[in-house]
Enquirer: 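Have a look at this one.
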Amino acid sequence: MKKSLLWTFVLILFPCQFLPAQTWESYYHQLYDHDEIEMAQWEEMSELLCDLEQHPFNLNTATPEQLSQLPFLTDEEIEEICAYLYHYSPMKSFGELAMIESLPAIKRQLLQCFVFLGEEEKTKQSDGKGHHEVMLTLKAPLYERKGDRNGYLGERYRHQIRYAFRQGDCWRAGLIGAQDSGEPFFRNGNTMGYDFYSFYLMCNHVGIVKTLMAGKYRMSMGMGLMMNSDFLLGKSAALTSLGRQRQILRPHSSTSSAHYLQGLAATLQLSRFLQVTPFLSYRPMDGTLNSDSLSISSLVEGGYHRTVNELKKKNNTFLTTAGTTVGYRNGAWHAAMNLVYSHLSRPLKPNTKILYRYYYPQGRDFLNMGIDYGYIHHRLSFHGETAIDRKGALATLNTANIHMSSELSLMVLQRFYGMRYTALQAQAFSEGGHVQNESGLYVGAHWQPSRKLFASAYADIAYFAWPRYQASASSYHQDYLLSFSYLSGSWTFSARYRLHIKEKDNEQKSALCSQQEHRGRVSVSFDGTILSTKTQADIACVQNEKSSRGWTVSQLISWRMNKMFQAHLAAAYFHTDDYDSRMYLYERGMLYSFSFPVVYGKGIRYSLLLKAQLSEKLMIHTRIAVTDYFDRSVIGSGYQQVNGSSMTDLEFQLRWKL
């Protein structure tokens, strides 16, 4: 244990004599909090940005549609970038981005990871030729779980294969096969080999057809009250990206088995101001069967099929979805009418005797209609959506962004989701995770008094009129955050504090009690062309009927040896009382993946990622990650139980461009 602690602090005190080119992951980690976002959504976001990083576009010739692919840009920022390029193009250097007042320094750095400056005809993406890419990824745990010995039907290795074809911006096609650890491969009922496949064909800019999708795809409408297959990046992201009009259609290039459609969709540009997007989808779903075997109590989106019981849920229900969005845009104004119809092959029959499930979606058929609307101006903009279901239940979400000056901007968000409102494929800003039984007010602010100092804060209060999970009466949630960042040359100093207050049942379930969760973080990072480091310390304190505390100190080091080789080292020591004060760590992961391990108890975690770009066409990544616990001899429970105090995972990735 002493050697492990010594190793951690040696890393923390490692001298920073050289200076690395940061990747988008490092900058994104500074913008958004991974502890408030679901892992599946982080994975989807990571895959999108990795793809954009591999295929950058020319900023001088960028269209608003291209810029809208970047989820960290707001509509106002996109508008100001386009306005600057219209008046002063071509941009000679990235230093000119500082002339765009609404674009913070961190976003200017992040934007450079996905664009370049130059002549479009010189880019490989625009040479008229098709480009192929094949990627193989393998993750091998060097330990045995209880389910590996008796319970799981497959091997403990996780692996996937990806094929992608791209011809400029006109054609895209792809095929992904993914296998989770423990799932059978070409056996035990899984005759198709990989447990999950995704395939897509995308065509752009053919006559009035702006986008044509076939296969598996994602679609978003308005603010997400009716349909949103995109990812949500939490409340801290709301200050920087909420209210923007997302790209309506994009391929489902993720290994996630949730939040996608399967079939046909097209965006038709009928005139300069009017576009229509009809879509049709028929896809299998996993469902938990009721005792009658004719209905399901819930839809399952985890995507795991490792055991006999999990395989019984696989693809036992089919979801048919059809609808359209008709959008009108004229200058700063935009509006759209939306319609979504969904039909399940098995009826949903949740156990409504449990009080918080009383208004859960029920039946086979679901219909939603609504409008979304907005106005964009560099000083004042607003966006909103209002929707109803087939029974007339209402949901509405509205935001207003006010730029008080070049230094200060404010945002106000109001939401009301009726307890009777149901929409099977809705995803929107919420505290409770559902577009139902919630009303609230969110107020946030960005303050940048100088190019070096940046501060943000928000306050969010939510009210749940009907009982919800772990709260058997009406309840409130409160969420507050304050953060600062200071840039000085190659140094960045950051600090943040978050307070989350929840009302939930006490241990006797006789009344509601208030749980306060305090989390703080300070970090120092140093970036350069050869070496970069980041030192971070986190603390947590959760107070309800009992108290739970925890802290962690972590170190990241990235070393760019030359154009061919890179190394990324991460190490952390964590010390928490229990799971309530758990800690979220950030590590560099493989391409099209993420690594935000959750740890609790007492121990150390360290990882090493080696990247080798052997040629323009061939790349190899290798990663090893180890977690050593000092307070236990058994890790996990159930089928995931490991008889030992240490876990080591080995990953390998190969990418070949043709």
Side-chain angles (χ1 to χ4, degrees), residues 218-230 248 258-265 276-288 290 292 294-301 317-327 335-373 384-398 414-430 432-439 464-468:
R218 293 176 173 270
M219 181 170 183
S220 299
M221 288 180 172
M223 310 289 282
L225 300 186
M226 296 169 51
M227 167 76 70
N228 183 11
S229 300
D230 225 330
I248 294 180
H259 310 307
Y260 71 85
L261 300 175
Q262 180 175 281
L264 295 171
V276 179
T277 304
F279 63 94
L280 177 64
S281 169
Y282 180 74
R283 57 157 296 189
M285 299 282 291
D286 292 3
T288 302
N290 287 316
D292 59 8
L294 300 175
S295 61
I296 54 176
S297 61
S298 64
L299 294 170
V300 181
E301 296 183 336
T317 305
F318 288 86
L319 174 64
T320 303
T321 307
T324 187
T325 175
V326 181
M337 298 181 63
N338 306 315
L339 174 70
V340 177
Y341 168 74
S342 301
H343 172 79
L344 288 168
S345 61
R346 296 178 188 265
L348 259 176
K349 290 186 179 180
N351 182 5
T352 56
K353 293 181 180 179
I354 300 176
L355 193 59
Y356 69 85
R357 295 179 180 172
Y358 187 78
Y359 289 112
Y360 272 23
Q362 301 177 46
R364 290 178 181 267
D365 300 292
F366 303 87
L367 179 66
N368 297 91
M369 297 178 290
I371 58 173
D372 67 84
Y373 37 84
E385 182 180 10
T386 300
I388 60 172
D389 64 13
R390 61 182 299 182
K391 296 181 180 179
L394 178 72
T396 184
L397 173 62
N398 300 277
Q414 169 273 332
R415 62 196 184 274
F416 172 79
Y417 310 146
M419 67 179 70
R420 294 177 175 83
Y421 179 79
T422 57
L424 283 187
Q425 298 173 79
Q427 280 194 107
F429 182 99
S430 69
H434 301 283
V435 184
Q436 187 183 48
N437 183 34
E438 180 176 334
S439 57
F464 308 95
W466 188 257
R468 56 196 303 270

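Remember, predicted model here, so these are calculated numbers, not experimental data. By convention here, the first residue in the shown sequence is residue 1.
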Enquirer: Of all heavy-atom pairs between Tyr260 and Pro284, which one has the smallest distance, and what is that distance?
Expert: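 Nearest pair, atom of Tyr260 first, then Pro284: OH-O, 4.4 Å.
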Enquirer: Only one of Asn338, Asp389, Leu367 forms a side-chain contact (heavy atoms from CB on, under 4.5 Å) with Met226, so which one is it?
Expert: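 With Met226 as partner, Asn338, Asp389, Leu367 yield a single side-chain contact (heavy atoms from CB on, under 4.5 Å), made by Asn338.
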Enquirer: Between Phe366 and Val340, is the side chain to side chain contact (heavy atoms under 4.5 Å, CB included) condition met? List the steps.
Expert: CA-CA 8 Å; Phe366 303 87; Val340 177; over 6 Å; no
Enquirer: Of all heavy-atom pairs between Ala336 and Gly327, which one has the smallest distance, and what is that distance?
Expert: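 Closest pair (atom of Ala336, atom of Gly327, distance): CB-CA, 3.8 Å.
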Enquirer: In Å and rounded to the nearest 0.5 Å, what is the OG to CZ distance from Ser342 to Arg364?
Expert: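 Interatomic distance, Ser342 OG to Arg364 CZ, rounded to 0.5 Å: 14.0 Å.
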Enquirer: Evaluate the side chain to side chain contact (heavy atoms under 4.5 Å, CB included) criterion for residues Val435 and Tyr421: first the C-alpha distance (whole Å), next the side-chain angles of each, then the deciding distance (0.1 Å), finally the verdict.
Expert: CA-CA 8 Å; Val435 184; Tyr421 179 79; 4.0 Å; yes
Enquirer: Rounded to the nearest 0.5 Å, how far does CD of Glu438 lie from CZ of Arg415?
Expert: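 Going from the CZ atom of Arg415 to the CD atom of Glu438 covers 4.5 Å.
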Enquirer: With a 4.5 Å cut-off on side-chain heavy atoms, are Phe279 and Leu261 touching?
Expert: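 Touching, per the 4.5 Å side-chain cut-off.
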Enquirer: Set out, in order, the CA-CA distance, both residues' side-chain angles and the distance that settles side chain to side chain contact (heavy atoms under 4.5 Å, CB included) for Phe429 and Met223, then state yes or no.
Expert: CA-CA 8 Å; Phe429 182 99; Met223 310 289 282; over 6 Å; no
Enquirer: Could you check whether Tyr373 and Thr386, counting side-chain N and O atoms only, form a donor-acceptor pair closer than 3.5 Å?
Expert: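 Judged by distance alone, the side chains do pair up.
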Enquirer: Could you tell me whether the side chain of Thr396 and the main chain of Glu385 form a donor-acceptor pair under 3.5 Å?
Expert: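 Pair found, side chain donor or acceptor close to backbone of Glu385.
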Enquirer: Has the side chain of Thr324 got a donor or acceptor atom that lies under 3.5 Å from a matching backbone atom of Thr277?
Expert: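 Between the backbone of Thr277 and the side chain of Thr324 there is a qualifying donor-acceptor contact (under 3.5 Å).
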Enquirer: Is there a side-chain contact between Gln427 and His259 in this structure, where contact means two heavy atoms from C-beta onward sitting under 4.5 Å apart?
Expert: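 Answer yes - side chains close enough.
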Enquirer: Do side-chain atoms of Arg346 reach the backbone of Gly287 as a donor and acceptor pair under 3.5 angstrom?
Expert: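 Side chain of Arg346 to backbone of Gly287: no pair is present.
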Enquirer: Calculate, to the nearest 0.5 Å, the distance between atoms CG and CG belonging to Leu397 and Leu225 respectively.
Expert: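 Atom-to-atom, Leu397:CG and Leu225:CG are 5.5 Å apart.
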Enquirer: If I take atom CG from residue Leu348 and atom CG from residue Leu299, how far apart are they, to the nearest 0.5 angstrom?
Expert: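 That separation rounds to 5.0 Å.
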Enquirer: Specify the closest pair of heavy atoms between Asn437 and Pro467, including all atoms of both residues, with the distance to one decimal.
Expert: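 Distance-wise, the nearest heavy atoms are ND2-O, 4.1 Å.
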Enquirer: What are the two closest non-hydrogen atoms of Gln362 and Thr352, and how far apart are they?
Expert: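 Shortest heavy-atom contact: NE2-CG2, 3.4 Å.
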Enquirer: Looking at Thr321, is its backbone amide N or carbonyl O close enough to the side chain of Gln425 to form a donor-acceptor pair, meaning the two atoms are under 3.5 Å apart?
Expert: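 Looks like no, no N/O pair under 3.5 Å.
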Enquirer: Take Thr288 and Ile296 through the test side chain to side chain contact (heavy atoms under 4.5 Å, CB included) and record every step on the way to the result.
Expert: CA-CA 5 Å; Thr288 302; Ile296 54 176; 5.8 Å; no
Enquirer: Below 30° counts as parallel, above 60° as perpendicular, anything between as tilted: where do the rings of Tyr341 and His343 land?
Expert: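 Tyr341 vs His343 ring planes: parallel.
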Enquirer: Ring-plane angle category for His434 and Tyr360, please: parallel below 30°, perpendicular beyond 60°, tilted otherwise.
Expert: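 His434 and Tyr360: tilted rings.
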Enquirer: What is the distance from atom CD of Gln262 to atom CG of Leu280, rounded to the nearest 0.5 Å?
Expert: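 Reported to 0.5 Å precision, the distance equals 11.0 Å.
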Enquirer: Using every non-hydrogen atom in the two residues, find where Ile371 and Met337 come nearest and quote the distance to one decimal.
Expert: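 Taking Ile371 first and Met337 second, the nearest heavy atoms are CG2-CG, 4.2 Å.
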Enquirer: What's the shortest heavy-atom distance between Pro361 and Thr422, and which atoms?
Expert: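 Answer, listing the atom of Pro361 first, then Thr422: CA-CG2, 4.0 Å.
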Enquirer: Looking at Asn290 and Asp292, would you say the former's side chain and the latter's main chain have a donor-acceptor pair under 3.5 Å?
Expert: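 Pair absent, no side-chain N/O of Asn290 close to backbone of Asp292.
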Enquirer: Assess whether atom CZ of Arg420 is packed by more than 12 heavy atoms of other residues, nucleotides or ligands within 6.0 Å.
Expert: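 Result for CZ/Arg420: open.
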Enquirer: Once you round to the nearest 0.5 Å, how far does CE of Met369 lie from CD1 of Ile388?
Expert: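 The CD1 atom of Ile388 is 4.0 Å from CE of Met369, to the nearest 0.5 Å.
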